K.L.:
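I'd like to ask you about the structure that follows.
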Amino acid sequence: MSKRPPLLPDPSSSTDRRPPPPKRPRLQAQVPQFLAGTTVHIVPAKLSDSALAHLCCLAESHGARLVPIPQRADVVLTAVSAPKRLERHLPLSEAGKRWVLSTQWLEDSAALGEGRPCEEYLALKGLRPASRAGTPALTTSAPSTAPSTPAPEPVSPKPANAKPPPPAPGTSGRTTNDEEIPLNFTTPWPLPNSRYACKRRTPLYTPNEELLRSLAVIMRSRELEGEDRSALSYARGISVLKAYPRRITSVSQIHSLPGVGPKITSLVAQYLDTSAIPESSTILASARFQALEELTKVHSVGSTTARALYARGVTNVHEMREWVAMGNGGEVLRMALEIHEDLMIRIPRAEVELIAARVQKALDAVLPGCMHTICGGHRRGKPTSGDVDIIFTHREQGKEQGLVEKLVNYLSNDGFITHIFGVMHPGHNPFSSSSHTRSKVRPAHPSSHFDTLSKALVVCLLPPSEGGAGLHRRVDLICAPRDVYWCAVVGWSGSKQFERDLRLWAKQEILPAHGRLGRGIKFDSSGLTRLRDTQPIYVDSEKQVFELLGLEYVPPRLRNADM
DNA sequence: AAAATG
DNA sequence: ATTTTGA
DNA sequence: AAAAAC
């Protein structure tokens with residue numbers, strides 16, 4: 001089918017990819033499996049993230065296998081009804097080979113417990129598969145399992161020293177196939193009892209989404225108003241409620257959860273009473289909140305800038321454009337506004353992976369021996385991403401020096417990178433006027449991976465001829481030296497609350513090391529350091545990072561600790 | 001806003 | 001009652 | 001000084 005004969009895994013492109021899933025998890029409950037063995041693609045366009053999430057859950061729970069591109073699907077579901085617009089999301093030549101249905105088909109079928117007749121739900125009048133008949137549920141050819149991606153595991157560049165981890169996980173025994181990790185809660189699930197998000201398992205989809213969304217509005221308002229202590233408390237409360245595996249029906253259930261105090265308890269009580277939180281509704285309806293929310297969506301505009309703009313009467317992006325046209329704002333803001341419409345559109349998984357493949361190709365051209373991992377929300381299983389976070393390294397420590405520039409140059413000449421928001425380097429502050437300003441290049445006390453790794457914040461454009469959507473996409477290219485690569489991957493995989501609590505855990509529970517055995521480790525940007533002799537620890541896998549921190553491994557899909 | 005610390 | 005909350 | 005970044 002696709003280009004590749006089964007060869008050796010390409011050692012240079014170590015995506016965080018997994019082998020084709022030979023076995024279906026047998027965990028499906030008593031849900032009617034009318035989609036068993038069917039591949040389904042859901043067109044993200046016009047769907048809110050939560051609607052998309054809902055549909056994904058629905059499809060998977062009825063036995064479907066979700067695929068990232070319409071070409072590989074038996075059934076395509078879409079909320080788009082305009083022919084012109086639909087054409088942008090799947091080529092009509094492809095559309096004629098499979099059922100293209102309204103998302104309502106899934107809703108109705110799930111409610112009924114069996115596949116409804118496809119004819120009644122055609123997304124486009126008269127657009128039905130040429131050769132196939134009947135409902136998609138039955139028959140169907142062998143699931144199109146085009147693996148298309150070899151590389152079973154990030155073939156870690158060869159370990160310099162440091163003996164490999166215990167024998168078990170060595171060869172092919174990778175017990176955690178990322179795609180097998182569910183995106184929602186499964187049968188037995190522990191109640192959240194830890195105050196650290198990194199000691200909880202938090203899937204993407206959760207039974208109390210509505211409540212959490214209401215609480216998140218208040219949190220967001222606190223952020224926008226600069227009340228960040230308060231915002232942090234909401235983040236913690238929301239995080240622990242998100243890890244709660246059952247529908248909350250009474251405040252008694254959440255009474256002893258860490259991070260839930262009197263205020264949040266009372267808000268939950270109000271929600272249970274009235275299906276809404278008055279404070280949340282008020283905020284949502286307020287002109288100020290709406291304005292600040294819209295303004296901060298523009299890249300480089302944070303809450304402080306948004307409040308300042310609002311005070312000057314700028315309440316929407318249109319007025320911001322006028323304000324910039326009068327000579328205000330800087331270069332980055334000007335660029336951001338130019339492509340703002342594009343940047344508002346979320347990126348489907350398939351395109352994220354195409355973008356990463358393009359970056360790997362450039363790395364191969366610029367410096368053979370590199371590998372990368374796609375991090376961020378994509379790695380945590382989100383159906384769409386706001387940007388693409390790619391972290392890369394070279395198998396030989398030190399060879400990565402200067403790589404960010406080379407990569408950015410190459411991709412700019414290629415025309416793939418269209419805008420550069422910034423290229424940062426550790427210890428080389430672009431602002432410093434060279435002479436006496438620098439007190440010290442590396443602060444004595446830890447900074448985060450954000451300051452210490454070379455990175456480029458850019459905008460790319462993948463044309464439709466190469467499988468892209470023809471839209472500008474935000475991409476973060478982060479370069480890590482080999483010895484801190486896996487620390488960086490952990491650091492950039494999020495979620496934000498998960499990262500906060502990783503650090504807090506390391507500080508509170510590892511650093512003291514009073515009498516503890518085998519502990520005494522500093523976890524920060526520059527990786528893991530043993531405090532006894534300040535020896536950096538060479539880490540060879542993500543699991544090892546958790547191990548060294550005394551934590552149970554949490555797969556990326558269970559790190560969705562924030563909203 | 002909540003929890004840890006003194 | 002005061003400090004910490006991710007760096 | 002603010003924002004970005006998870």
Side-chain angles (χ1 to χ4, degrees), chain A residues 194-198 215 218-219 221-223 225-240 256-267 279 295-309 329-330 332-333 336 373-380 382 385-391 421-424 426 431 442-458 474-478 480 487-509 511 522-527 556 559-562:
Chain A
S194 176
R195 114 183 156 85
Y196 301 101
C198 54
L215 290 173
I218 305 181
M219 173 180 74
S221 169
R222 300 291 188 268
E223 283 171 6
E225 298 299 351
E227 297 158 41
D228 47 345
R229 308 302 160 189
S230 178
L232 182 58
S233 286
Y234 280 98
R236 302 199 103 89
I238 287 169
S239 177
V240 77
S256 62
L257 293 182
V260 179
K263 170 82 190 241
I264 292 179
T265 302
S266 97
L267 293 172
E279 184 175 351
L295 295 176
T296 50
K297 284 193 171 125
V298 178
H299 190 268
S300 84
V301 178
S303 61
T304 306
T305 309
R307 289 194 299 271
L309 287 171
V332 171
L333 180 58
T373 302
I374 309 173
C375 294
H378 181 269
R379 187 155 188 260
R380 302 197 307 273
K382 285 194 161 204
S385 303
D387 69 358
V388 185
D389 304 298
I390 299 170
I391 159 132
F421 283 148
V423 178
M424 297 82 150
F431 265 108
R442 181 106 83 73
H445 289 306
S447 39
S448 67
H449 62 271
F450 293 121
D451 332 318
T452 52
L453 300 177
S454 292
K455 60 184 157 295
L457 313 178
V458 304
R474 279 276 298 109
V475 177
D476 297 324
L477 303 167
I478 301 104
C487 295
V489 168
V490 170
W492 280 82
S493 292
S495 63
K496 188 171 164 179
Q497 192 57 42
F498 192 93
E499 299 302 325
R500 279 180 180 155
D501 285 345
L502 262 186
R503 288 190 153 70
L504 196 55
W505 165 261
K507 185 153 135 185
Q508 308 270 299
E509 314 290 337
L511 276 181
K522 184 178 75 158
F523 173 60
D524 65 36
S525 46
S526 31
R559 298 179 202 165
N560 286 291
D562 38 61

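The figures here come from the full heavy-atom set of this structure, side chains too, leaving out hydrogens, waters and symmetry mates. Small disclaimer: the values here were computed from a predicted structure and weren't measured. Order of the sequence lines fixes the chain letters, A, B, ..., with proteins taken first and strands second; residue numbering starts at 1 for each chain.
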K.L.:
If you look at every strand shown and take non-hydrogen atoms under 4.0 Å, does Leu502(A) touch a base, only sugar-phosphate, or nothing?
P.N.:
nothing
K.L.:
Would you say Arg195(A) places a side-chain N or O within less than 4.0 Å of OP1 or OP2 belonging to dA4(B)?
P.N.:
yes
K.L.:
Picking from dG6(C), dA1(B), dC6(D), which would you name as closest to the side chain of Leu504(A)?
P.N.:
dG6(C)
K.L.:
Using whole Å, report how far NZ of Lys455(A) lies from P of dA3(D).
P.N.:
17 Å
K.L.:
May I ask you to evaluate whether Lys507(A) reaches the phosphate of dT4(C), defined as a side-chain N or O under 4.0 Å from OP1 or OP2?
P.N.:
no
K.L.:
Just how far, in rounded Å, is P of dT5(C) from CH2 of Trp505(A)?
P.N.:
16 Å
K.L.:
Which of the following nucleotides, dA2(B), dC6(D), dG6(C), is nearest to the side chain of Pro262(A)?
P.N.:
dA2(B)
K.L.:
In this structure, how many angstroms lie between the C1' atom of dC6(D) and the CD1 atom of Ile374(A), rounded?
P.N.:
16 Å
K.L.:
For dA4(D) and dG6(C), measure between their C1' atoms and round to the nearest Å.
P.N.:
15 Å
K.L.:
In the structure I gave you, are the side-chain heavy atoms of Ile218(A) and Glu279(A) within less than 4.5 Å of one another anywhere?
P.N.:
yes
K.L.:
How close or far is atom C1' of dC6(D) from atom CG of Leu477(A), stated in whole angstroms?
P.N.:
15 Å
K.L.:
Rounded to the nearest 0.5 Å, what separation is found between the OG atom of Ser230(A) and the CD atom of Glu223(A)?
P.N.:
10.0 Å
K.L.:
Do Arg379(A) and Ser493(A) have side-chain N/O donor and acceptor atoms under 3.5 Å apart?
P.N.:
yes
K.L.:
With both distances kept under 3.5 Å, what pairs with dA4(D), Watson-Crick or G-U wobble?
P.N.:
none
K.L.:
Tell me what Arg236(A) touches on the nucleic acid: a base, only sugar-phosphate, or nothing, going by heavy atoms under 4.0 Å.
P.N.:
sugar-phosphate
K.L.:
Given atom CD1 of Ile218(A) and atom P of dA2(B), what is their separation to the nearest angstrom?
P.N.:
11 Å
K.L.:
Indicate, with a heavy-atom threshold strictly under 4.0 Å, whether Arg307(A) touches base, sugar-phosphate, or nothing.
P.N.:
nothing
K.L.:
With a non-hydrogen cut-off below 4.0 angstrom, is Phe421(A) in contact with a base, only sugar-phosphate, or nothing?
P.N.:
nothing
K.L.:
Base, sugar-phosphate, or nothing: which does Asp228(A) touch, judged by heavy atoms less than 4.0 Å apart?
P.N.:
nothing
K.L.:
Would you mind reporting whether Arg236(A) and Val260(A) have side-chain heavy atoms less than 4.5 Å apart?
P.N.:
no
K.L.:
Which part of the nucleic acid does Val332(A) contact within heavy-atom distance under 4.0 Å: base, sugar-phosphate only, or nothing?
P.N.:
nothing
K.L.:
Without decimals, in angstroms, what is the distance between Asp501(A) CG and dT4(C) P?
P.N.:
18 Å
K.L.:
Using 30° and 60° as the class limits, which term best fits the ring planes of Tyr196(A) and Trp505(A): parallel, tilted or perpendicular?
P.N.:
perpendicular
K.L.:
Go ahead and name the base partner of dT2(C); Watson-Crick or wobble counts if both distances stay under 3.5 Å, otherwise write none.
P.N.:
dA4(B)
K.L.:
Write down the distance between CG (Leu309(A)) and P (dA1(D)), rounded to a whole number of angstrom.
P.N.:
19 Å
K.L.:
Check every strand shown and say whether Asp387(A) touches a base, only sugar-phosphate, or nothing at a heavy-atom separation below 4.0 Å.
P.N.:
sugar-phosphate
K.L.:
What does Lys496(A) touch in the nucleic acid at a heavy-atom separation under 4.0 angstrom: a base, only the sugar-phosphate, or nothing?
P.N.:
base
K.L.:
Using a cut-off of strictly less than 4.0 Å, decide whether Thr304(A) has a side-chain nitrogen or oxygen near OP1 or OP2 of dA1(D).
P.N.:
no
K.L.:
Counting only side-chain heavy atoms from C-beta out, which of dA2(B), dA4(D), dT5(C) sits nearest to Leu457(A)?
P.N.:
dA4(D)
K.L.:
When you measure from the side chain of Glu499(A) to the backbone N and O of Gly494(A), does any donor-acceptor pair fall under 3.5 Å?
P.N.:
yes
K.L.:
Using atom CD of Glu223(A) as one end and atom P of dA3(D) as the other, report the distance to the nearest whole Å.
P.N.:
12 Å
K.L.:
Name the closest nucleotide to the Thr305(A) side chain, picking from dA1(B), dC6(D), dA2(D).
P.N.:
dA2(D)
